[in-house]
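Structure record follows, encoded as structure tokens.
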Amino acid sequence: MSTVIKGGTIIAADRTYEADILIEGETIKAIGPDLAGDTVVDAAGAYVMPGGIDPHTHLEMPFMGTTAAETWESGTFAALSGGTTTVVDFVIPGEDGMLAALEAWEGKATRQASSDYSYHMCVTGWSEKHFDEMAKVVERGINTFKHFMAYKGALMVNDDEMFASFQRCAALGALPLVHAENGDIVAALQKKFMDDGVTGPEAHAFSRPPEVEGEATNRAIMIADAAGVPVYIVHVSCEQAHEAIRRARQAGMRVYGEPLVQHLTLDEGEYFNRDWDYAARRVMSPPFRDKKHQDSLWAGLAAGSLQVVATDHCAFTTEQKRFGLGNFTKIPNGTGGLEDRMPVLWTKGVETGRLTPNEFVAATSTNIAQILNIYPQKGAILPGSDADLVVWDPKLTKTISAANQKSIIDYNVFEGVEVRGLPRYTISRGEVVWTDGRNDAPRPGRGKFVKRKPFPAINKALSTWKELTAPRAVTRSPEHMPIGV
Ligand code: DUC
Ligand code: ZN
Ligand code: ZN
Ligand code: ZN
């Protein structure tokens with residue numbers, strides 16, 4: 001059974017060209033002119049791009065006393081309808097540890113996912129047992145570990161814990177990920193605003209200013225350097241954090257930065273002089289920022305100092321958001337975006353000239369495939385790659401609305417945004433799973449786990465500290481030599 005995608009313009013991260021694509025089974029067999037297959041997918045007048053990869057989702061995550069309402073079934077189908085064919089979700093260990101949590105996540109994902117999926121493992125503390133657990137997690141095909149520097153008293157890790165975990169990552173060839181906000185300062189500011197009687201959603205933004213993100217980003221980068229491991233900063237929302245990443249990269253460190261489509265396109269005005277529900281639905285961490293920060297993030301994507309656009313899809317209903325009525329610190333943190341990431345980024349990025357189509361592909365798919373070590377299985381249009389493709393019609397338009405979204409949440413933070421550029425077809429491992437204008441239904445269970453190998457190169461990363469203390473590299477000056485040596 002073969003399929004040919006006919007008449008499209010292929011957009012890869014590195015070039016644009018016209019060719020047909022022949023798919024056999026689940027993979028790309030050939031790329032070239034005038035190919036023939038059993039069935040034809042019409043790409044005339046459209047672009048053909050690698051399926052999107054959203055490396056940052058929290059489907060059905062237990063968090064802040066509740067559970068994110070977007071399910072694996074609704075979330076992965078929402079992803080496909082917006083051109084995203086792979087999601088990477090965060091596993092949060094409970095008291096039974098990482099492997100038990102992984103089983104719990106697998107129980108949900110294997111039954112429900114209609115897109116492909118993978119996991120990051122969260123490190124929420126440190127003890128002897130983590131040493132072995134992390135090795136076992138890597139054996140299970142997970143090469144990334146996430147650390148929260150915020151959420152004090154819950155998920156937050158301290159510097160000693162983070163340093164121990166980062167060193168373990170270095171030894172295992174895994175990549176540490178960091179939620180970079182100074183959790184101590186956030187907790188202090190939350191208390192201050194509550195004490196002052198500022199209890200509404202706007203205080204959420206006041207309690208998490210850019211400085212807390214900039215400080216934590218710098219600290220995470222320096223700790224990673226000391227541990228001799230690259231580091232990936234999730235949801236970079238402000239210039240201070242971007243600046244830290246830029247400077248580290250300029251100094252030769254492997255540091256990656258991931259802005260979210262929400263931070264690129266929605267600003268802090270979403271929290272002020274709004275009714276409570278409207279603002280609370282937009283409470284996420286870090287919060288939306290002003291335009292100066294948005295400009296910095298767009299510039300970073302164009303310049304390459306930021307590499308990936310994600311969503312942090314962590315979606316709660318209005319009813320769940322109301323747990324925080326009278327106390328903003330109890331509003332479940334999170335917004336959606338999985339189905340809107342690619343259309344909104346195309347509309348606000350490519351249509352405006354801020355990004356080239358090739359940069360769009362790099363930011364939504366290719367770069368993260370490389371960072372996660374799944375390239376060119378994913379993120380590429382090459383013979384042998386998984387046939388994860390989106391036939392992107394730059395003329396299709398819609399007005400985003402909760403009324404017709406695939407997400408099961410009762411609102412959408414992009415409500416009313418007019419997008420231009422949408423999937424005509426989404427193809428996952430050779431199968432057309434979404435067709436514009438056809439009322440497709442989710443096919444739970446068809447998604448597959450994407451195994452990710454560790455990076456042999458990572459433990460050779462770039463710590464000056466490591467070089468200085470490695471025994472063979474020590475050259476002592478005479479005045480430091482003990483007498484008589
Ligand atoms: N931020 C959110 O807004 N939600 C989930 C976790 C996070 O860090
Ligand atoms: Zn986070
Ligand atoms: Zn997150
Ligand atoms: Zn000296």
Side-chain angles (χ1 to χ4, degrees), residues 53-70 75 79 87-93 105 117-124 144-157 162 176-183 186-187 190 201 203-205 207-208 210 212-214 216-217 219-220 231-238 241 256-264 266 268 270-271 279-289 308-317 320-321 323-324 328-338 341 368 407 409 411 413:
I53 301 169
D54 190 334
H56 193 154
T57 69
H58 302 279
L59 301 171
E60 294 179 56
M61 179 174 74
F63 187 51
M64 293 184 73
T66 182
T67 299
E70 197 78 79
V87 304
V88 192
D89 202 79
F90 290 85
V91 178
I92 313 255
W105 253 254
Y117 57 91
S118 193
Y119 308 115
H120 310 287
M121 179 58 69
C122 296
V123 178
T124 56
T144 38
F145 291 90
K146 161 84 172 288
H147 307 75
F148 291 89
M149 297 172 80
Y151 301 113
K152 192 175 180 177
L155 301 170
M156 177 168 140
V157 283
M162 210 160 67
L177 275 49
V178 175
H179 170 132
E181 287 182 301
N182 184 315
V186 169
Q190 286 179 327
H204 173 78
S207 68
R208 310 180 96 100
V212 304
E213 188 182 341
T217 304
R219 180 155 42 101
V231 66
Y232 178 104
I233 311 294
V234 303
H235 51 49
V236 175
S237 78
C238 65
Y256 306 107
E258 168 209 87
L260 308 181
V261 68
Q262 296 94 316
H263 289 119
L264 286 160
L266 301 170
E268 62 187 0
E270 301 289 310
Y271 302 118
R281 287 162 171 168
R282 284 143 181 94
V283 162
M284 66 172 302
S285 295
F288 302 153
R289 309 289 192 194
V308 175
V309 176
T311 62
D312 198 2
H313 190 99
C314 185
F316 298 96
T317 61
Q320 290 177 305
K321 291 282 185 178
F323 296 160
F328 71 90
T329 70
K330 300 220 175 327
I331 301 170
N333 284 199
T335 64
L338 205 34
R341 178 182 66 134
I368 191 64
S407 161
I409 304 304
Y411 60 91
V413 297

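Because the structure is predicted, anything quoted here is derived from the model rather than measured. Start at 1 and go down the list; that is how both ligands and their atoms are numbered. Every heavy atom of this structure was used, including side-chain atoms; hydrogens, water molecules and symmetry mates were not.
Residue-ligand proximity, Asp312 to ligand 1, at heavy-atom distances under 4.0 Å covers atoms 1 (N), 2 (C), 7 (C). Those atoms of ligand 1 that come under 4.0 Å of a heavy atom in His235, given as number and element, are 8 (O).
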### Task
Could you walk me through whether Glu268 and Arg289 pass salt bridge (charged side-chain N to carboxylate O under 4.0 Å, His left out), step by step?
CA-CA 5 Å; Glu268 62 187 0; Arg289 309 289 192 194; over 6 Å; no

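Judged by distance alone, the side chains of His56 and Glu258 do bring a donor and an acceptor atom under 3.5 Å apart. Side chains of Thr311 and Gln262: no donor on one and acceptor on the other come within 3.5 Å. Judged purely by distance below 3.5 Å, without hydrogens or angles, the side chains of Gln190 and Thr329 never pair a donor atom with an acceptor atom.
Using a cut-off of 2.8 Å, one finds that His235 contributes no N/O/S atom close to the Zn ion (ligand 3).
Of all protein heavy atoms, the one lying nearest to atom 6 (C) of ligand 1 is Tyr151 OH, 3.8 Å.
Using modelled atom types, no side-chain atom of His58 and backbone atom of His313 make a donor-acceptor pair closer than 3.5 Å.
Of all the N, O or S atoms in His179, the one closest to the Zn ion (ligand 2) is ND1. Looking at His56, its N, O or S atom nearest to the Zn ion (ligand 3) turns out to be NE2. The Zn ion (ligand 3) is closest to atom OD1 of Asp312 (considering only N, O or S atoms).
Under 4.0 Å from ligand 1, heavy atoms of Met284 appear from its side chain as well as its backbone.
Ion pair Glu181/Arg208 flagged as a salt bridge, since at least one NZ, NE, NH1 or NH2 atom sits closer than 4.0 Å to an Asp/Glu carboxylate oxygen.
No N or O atom of His58 sits closer than 3.5 Å to an N or O atom of ligand 1.
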